[in-house]
Amino acid sequence: MSLLAALHDDTDRADAVTTPDGALSRHELLGQAAGVAAEIAGAPIVAVHATPTRATVTAITGALLAGVPVVPVPPDAGELERAHILRDSGATLLLSDDAGAAGSPGVPIMPLTGVRPGSVPPEPDAQRPALVLYTSGTTGLPKGVVISRSAIAADLDGLAEIWQWTAGDTLVHGLPLYHVHGLVLGLLGPLRHGSPLIHTGKPTPQAYAAAGGSLYFGVPTVWSRIAGAPDAARALSAARLLVSGSAPLPVPVFDTLLQLTGQAPVERYGMTETLITISTRATGDRRPGHVGLPLPGVGTRLVDESGAELPADGATIGHLQVNGPTLLKGYLRDGGLAPAGLVDGWFPTGDVATIGADGWHRIVGRASTDLIKTGGYRVGAGEVEDTLLLHPAVREAAVIGTPHADLGEQITAFVVADPVSPDELIQFVAQRLAAHKRPRVVHLVDQLPRNAMGKVQKKQLTAG
Ligand code: MCA
Ligand code: AMP
């Protein structure tokens, strides 16, 4: 079956994808995307300026039809981050109709206006890379995660099975089209399963309420804002499934949504490197604070620091590892494919969890304090620290996530510096990295707490 199976039934002239700038039927999307595919055929990899627009949807779809891997570039990526993504990925073209898109030397911008509809090329090999998604590690610049077409197909089919996701659904979300959540589930899902997509632009409670869908995706910050807008929440009562993921859904938000909409949210867990691996089902239990059972074909286990397997007794906390058909092919490094970091075929997620005797999973948190989740975005402390250190006044920097009612965690920086204002440092980071990576709070301090080895003691910063 082709990756974007439902798209190939282009007899349907109804709107398949609606973005804030207009709608595309399957017929229009397939024709225009096939035209893009013809233009870029043979390119090693293309970048797409990933705004929630018809042009972005057409560009990504065209590259997938052509079998050319796509690297989506966040539209708000600062200059440092954009240059890194374009250079590191080896992209030879940046597809965009947006006047605000910026290429870089050697990466010209290819507009889509004027591309003529084409005929659909043969389906590329399922093992080919489909996407290269840049995501933060604990240190250094973001890494390109290489995701195959077969991993995406397996994940979307698993989700269709357990969520009873069909062409009869209308999916609504307002998530960015450059991460797994908004792009793989939120765009490729509808193109595979045939459910129309309504992208709301900014995911406000009012936009979700007005969209009238059956299936809604959101990160916990989105659901928390909806829970705080009772009229909007009540308008979602008629939906079939409200799905939350990308970060822990606070129990009070779960409870308020249940109370206002009459239905408990479906929680699911995943990573850029593994796609979605664990989820609550459409039928059966939904338990606050729990993410449910592995997807069909996915294995999970808990291990201790030495790698020894731990019991699934609902109480023992261990490092979560996953395996199955949805794992990454590897990381992009030096123009080639570097190993995926599997341990005996298992991917170490970096999350700590419990698994009950009944197979239910609870994500307890992350093993490292150096990966922060803010508004559902994964941000590496090291990348923000390295950027702060580029400022001439900054001598030392330590970045942590601190609890935040709306965002889950907020980025908080502790900085030793010559005279400089916190605001200048926040703007300095915002210019270089994506907007959500800038610290919300900068504490100027005389020194950072260090141990005898000179290593910064971040736990003491949290306490302070
Ligand atoms: C942000 N702002 C700031 C600062 N930071 N202003 C001053 N100082 C700062 N430090 C600005 C923003 O630019 C924005 O301005 C305004 O403050 C509000 O920002 P914010 O509070 O962040 O809210 P928001 O812009 O409304 O965004 C909330 C959001 C967003 C819509 C929930 O965080 C989001 O789209 N999250 C989704 C992330 C996601 O898709 N993750 C999936 C990863 P202005 O209003 O002017 O713009 S994939 C994944 O995790 C796995 C696979 C999985 O399981 O899904
Ligand atoms: P990313 O690679 O940006 O997709 O981030 C993946 C990380 O998000 C995981 O390793 C988890 O820490 C976190 N995450 C995703 N979904 C959930 C969830 N439902 N509950 C708790 N944490 C989650």
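As the structure lists them, so they are numbered: ligands from 1, and atoms in each ligand from 1.
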Using a 3.5 Å cut-off on N or O atoms only, is [X] in polar contact with ligand 1?
{"X": "T374", "result": "no"}
{"X": "R440", "result": "yes"}
{"X": "R438", "result": "yes"}
{"X": "T221", "result": "no"}
{"X": "H179", "result": "no"}
{"X": "G245", "result": "no"}
{"X": "G376", "result": "yes"}

> Looking at ligand 2, does any of its N/O atoms fall within less than 3.5 Å of an N/O of R378?
Replying inline: yes
> Short N/O distance, under 3.5 Å, between T349 and ligand 2?
Replying inline: no
[options]: member with heavy atom nearest to [atom]:
{"atom": "atom 22 (N) of ligand 2", "options": "P248, S279, S244", "value": "P248"}
{"atom": "atom 50 (O) of ligand 1", "options": "R268, K373, R225", "value": "K373"}
{"atom": "atom 51 (C) of ligand 1", "options": "G408, P439, G270", "value": "G270"}

Ligand-residue contact atoms, ligand 2 with [X], heavy atoms, under 4.0 Å:
{"X": "Y269", "answer": "11 (C), 16 (N), 17 (C), 19 (N), 23 (C)"}
{"X": "T272", "answer": "1 (P), 2 (O), 3 (O), 4 (O)"}
{"X": "M271", "answer": "2 (O), 4 (O), 6 (C), 9 (C), 10 (O)"}

Nearest non-hydrogen protein atom, [atom]:
{"atom": "atom 49 (C) of ligand 1", "result": "S246 OG, 3.6 Å"}
{"atom": "atom 24 (P) of ligand 1", "result": "K202 NZ, 3.4 Å"}
{"atom": "atom 5 (O) of ligand 2", "result": "K373 NZ, 2.9 Å"}
{"atom": "atom 6 (C) of ligand 2", "result": "G270 O, 3.5 Å"}
{"atom": "atom 37 (C) of ligand 1", "result": "G375 O, 3.4 Å"}
{"atom": "atom 31 (C) of ligand 1", "result": "P203 CG, 3.5 Å"}
{"atom": "atom 19 (N) of ligand 2", "result": "R268 O, 2.8 Å"}
{"atom": "atom 9 (C) of ligand 2", "result": "D351 OD2, 3.2 Å"}
{"atom": "atom 18 (C) of ligand 2", "result": "A247 O, 3.4 Å"}
{"atom": "atom 30 (C) of ligand 1", "result": "Y377 CE1, 3.7 Å"}
{"atom": "atom 13 (C) of ligand 2", "result": "S246 O, 3.6 Å"}

Work out whether the distance between some heavy atom of [X] and some atom of ligand 2 is less than 4.0 Å.
{"X": "E267", "result": "no"}
{"X": "V291", "result": "yes"}
{"X": "G350", "result": "no"}

State whether the side chain of [X] and the backbone N or O of [Y] hold a donor-acceptor pair below 3.5 Å, judged by distance alone.
{"X": "R378", "Y": "S136", "value": "yes"}
{"X": "T221", "Y": "D406", "value": "yes"}
{"X": "S279", "Y": "G292", "value": "no"}
{"X": "W223", "Y": "V243", "value": "yes"}
{"X": "R440", "Y": "H436", "value": "no"}
{"X": "K373", "Y": "S246", "value": "yes"}
{"X": "T300", "Y": "V322", "value": "no"}

Give, for atom [atom1] of [X] and atom [atom2] of [Y], the distance between the pair rounded to the nearest 0.5 Å.
{"X": "L215", "Y": "W163", "atom1": "CG", "atom2": "CH2", "value": "7.0 Å"}
{"X": "L320", "Y": "I355", "atom1": "CG", "atom2": "CD1", "value": "6.0 Å"}
{"X": "L156", "Y": "I276", "atom1": "CG", "atom2": "CD1", "value": "9.5 Å"}
{"X": "E385", "Y": "T138", "atom1": "CD", "atom2": "OG1", "value": "10.0 Å"}
{"X": "D155", "Y": "R192", "atom1": "CG", "atom2": "CZ", "value": "10.5 Å"}
{"X": "K458", "Y": "L461", "atom1": "NZ", "atom2": "CG", "value": "8.0 Å"}

Check whether any side-chain heavy atom of [X] lies under 4.5 Å from a side-chain heavy atom of [Y], and answer yes or no.
{"X": "V303", "Y": "V343", "answer": "no"}
{"X": "I372", "Y": "V399", "answer": "yes"}
{"X": "P69", "Y": "R128", "answer": "yes"}
{"X": "Q427", "Y": "D423", "answer": "yes"}
{"X": "S89", "Y": "Y134", "answer": "yes"}
{"X": "L295", "Y": "T326", "answer": "no"}

Measuring from the heavy atoms of [X], does anything fall under 4.0 Å of ligand 1?
{"X": "G182", "answer": "no"}
{"X": "H436", "answer": "no"}
{"X": "R378", "answer": "no"}

Distance flag for [atom], protein heavy atom under 4.0 Å:
{"atom": "atom 2 (N) of ligand 1", "result": "yes"}
{"atom": "atom 44 (P) of ligand 1", "result": "no"}
{"atom": "atom 18 (C) of ligand 1", "result": "no"}
{"atom": "atom 40 (O) of ligand 1", "result": "yes"}

> For the rings on H361 and H290, is their centre-to-centre separation under 6.0 Å?
Replying inline: no
Atoms in ligand 1 with a heavy atom of [X] nearer than 4.0 Å:
{"X": "M271", "answer": "52 (C)"}
{"X": "P176", "answer": "35 (O), 37 (C), 40 (O)"}
{"X": "V180", "answer": "48 (S), 52 (C)"}
{"X": "H181", "answer": "42 (C), 48 (S), 55 (O)"}

> Does CG in D418 sit with more than 12 non-hydrogen atoms of other residues, nucleotides or ligands closer than 6.0 Å?
Replying inline: yes
>> By the definition side-chain contact (heavy atoms from CB on, under 4.5 Å), identify the one residue from I198, L197, V17 that meets it with L171.
In response: L197
